[in-house]
Protein chains: 2
Amino acid sequence: MRHGRRRGRLTRVSSTKDKLLDATVETLRTHGIAGVSARTIAATAGVNQALVFYHFGSVDQLLAAACATATAQRVEVFHERFAEVGSLRELLAVGRELHTVERGTGHVAVLAQLLAGAQSDPRLGEATAAALDMWARELETVLDHVLRRTPLAGIADVAGLARAAAAAFIGIELYEGADPQGAGSALDALDQLGAILEAFDDLGPVASRALRAKVRQVTSK
Amino acid sequence: MRHGRRRGRLTRVSSTKDKLLDATVETLRTHGIAGVSARTIAATAGVNQALVFYHFGSVDQLLAAACATATAQRVEVFHERFAEVGSLRELLAVGRELHTVERGTGHVAVLAQLLAGAQSDPRLGEATAAALDMWARELETVLDHVLRRTPLAGIADVAGLARAAAAAFIGIELYEGADPQGAGSALDALDQLGAILEAFDDLGPVASRALRAKVRQVTSK
DNA sequence: GTCTATACATGGATAGAC
DNA sequence: GTCTATCCATGTATAGAC
């Protein structure tokens with residue numbers, strides 16, 4: 001938790017910079033990328049509009065900064081939760097929890113908005129790519145641990161899976177905004193997929209060997 | 001293909017309405033949801049800005065209309081390709097093809113932008129939900145067909161899987177804009193996942209039965 | 001560091017001529 | 001149906017007082 005601190009020194013109340021960073025997240029959440037502006041953000045923060053430019057230079061750069069700090073914050077929170085995960089199903093359960101909790105904080109939704117903005121803004125592109133990478137690296141560690149004692153150990157494309165999972169998460173979050181029911185059934189289906197994959201753990205050596213051969217075939221293609 | 005036609009009567013050149021619809025897609029692709037406006041769209045279309053309001057009432061409604069027509073168009077194109085799919089791996093191959101082709105047309109990217117905008121615009125929400133449903137229904141049909149002769153037939157949550165796949169696609173498309181390499185490895189991992197799932201087809205009756213039991217356990221939870 | 005004031009650009013939307 | 005002209009709101013960015 002890095003709130004109330006700056007360069008190691010305690011501050012009584014949150015600084016204007018912090019207020020702007022928090023307000024940026026909040027404004028992205030409520031107004032979307034199309035609705036953020038120096039004025040709307042400053043209004044949410046309760047500070048003067050000119051301070052956006054004084055502290056961050058431009059709205060772009062404020063968005064990029066908010067992306068970095070918010071992501072670091074949320075990843076840190078879930079780092080411990082991920083560490084407790086021992087199986088794929090448990091990982092999916094934490095994923096659901098993350099989905100529910102982050103619905104409240106809005107971090108995933110905000111990341112989705114920034115990612116949408118990043119498609120036509122290189123500066124945001126860098127920031128969001130870094131943010132996604134932070135989540136993906138976290139997932140990589142967990143997946144590595146989870147798959148260790150399964151037939152998929154050493155074969156599964158863990159880095160790719162981690163990124164696919166992160167991307168799917170973003171997509172489902174966006175989906176949720178448009179069609180909550182549809183998004184819910186998508187999450188249910190992922191649970192099922194997890195169950196299917198876990199069923200492989202109980203496989204005998206023959207089936208296990210066949211699986212590994214098939215997966216290798218695809219990977220080397 | 002519904003271009004050049006309107007209410008069943010041939011028209012010499014594309015009408016202003018069509019020009020605006022096409023220009024909307026193009027503008028979303030290049031400027032993103034944050035960069036579309038009546039003026040930018042009209043400029044792309046080469047028509048007067050006031051015509052946006054004359055024909056569609058507001059920018060919102062133009063976006064919603066463009067979402068509907070563009071999606072109907074692209075779904076129609078891929079309908080035939082989906083009909084040829086006989087296995088999960090083939091479906092994933094078509095998915096890759098769709099990903100590549102739609103990178104060019106930009107349809108998925110546009111849908112992602114609209115979805116981002118939909119988070120804070122109910123009118124867009126309806127339009128994008130309908131668009132996603134069109135894709136999801138298409139995928140449902142294919143998945144049903146693909147899973148028919150596998151141990152997962154009748155058990156898999158096809159509707160949910162279809163929606164998860166659609167959501168993942170959107171997410172990966174956004175990912176691609178920020179980090180093409182990361183998105184590529186995500187797609188590779190999905191191929192692998194397909195291979196793993198297909199390996200179940202070759203399973204003996206005992207393992208197959210165990211799998212079905214495990215999946216049922218999750219579904220009924 | 002923060003505020004006021006201000007410049008200048010862009011965007012939504014409409015009225016009225018053609 | 002289309003264009004010009006226009007109004008007004010909003011947004012970016014900076015200068016200068018405090």
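Predicted model, so just to flag it, every value in this text is computed and none were measured. Chain naming here is simple, since letters A, B, ... match the order of the sequence lines and numbering starts at 1 in each.
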Is the backbone of A/Ile155 close enough, under 3.5 Å, to the side chain of B/Gln192 for a donor and an acceptor to pair up by distance?
-> yes
Under 30°, 30 to 60°, or over 60°: which ring-plane class applies to A/His99 and A/Phe169, parallel, tilted or perpendicular?
-> perpendicular
Whole-Å gap separating C1' (D/dT4) and CZ (B/Arg39) = 12 Å
Any side-chain N or O of A/Thr40 less than 4.0 Å from the OP1 or OP2 oxygen of D/dG11?
-> no
Can you tell me how far C1' of C/dA17 sits from CG of B/Asn48, to the nearest Å?
-> 13 Å
Taken to the nearest whole Å, CG/A/Leu62 to C1'/D/dG11 is 14 Å
Give a yes/no answer on whether the side chain of B/Ser58 brings an N or O atom under 4.0 Å of OP1 or OP2 in C/dG12.
-> no
note: B/Tyr54, atom OH; D/dT4, atom C1'; distance rounded to Å ~ 17 Å
Starting from P on C/dG12, measure out to CG on B/Leu20 and report it in whole angstrom.
-> 13 Å
Classify the nucleic acid contact of B/Val52 as base, sugar-phosphate or nothing, counting any heavy atom under 4.0 Å across all strands shown.
-> nothing
Provide, to the nearest angstrom, the distance between the CG atom belonging to B/Leu51 and the P atom belonging to C/dC18.
-> 18 Å
Heavy-atom nearest nucleotide on DNA chain C taken for A/Gln49 and for A/His55; more 5' hit belongs to A/His55
Can you tell me the distance, in whole Å, between the CZ atom of A/Phe53 and the P atom of D/dG16?
-> 18 Å
Assign each of A/Ala50 and A/Gly35 the nucleotide of DNA chain D bearing its closest heavy atom; nearer the 5' end lies the nucleotide of A/Gly35
Is it true that atom CD of B/Glu126 has more than 12 heavy atoms of other residues, nucleotides or ligands lying nearer than 6.0 Å?
-> no
Protein-nucleotide distance (B/Phe56, atom CZ; C/dG12, atom P), rounded to Å | 15 Å
So, the side chain of B/Thr128 versus the backbone of B/Gly125: is there a donor-acceptor pair under 3.5 Å, distance only?
-> yes
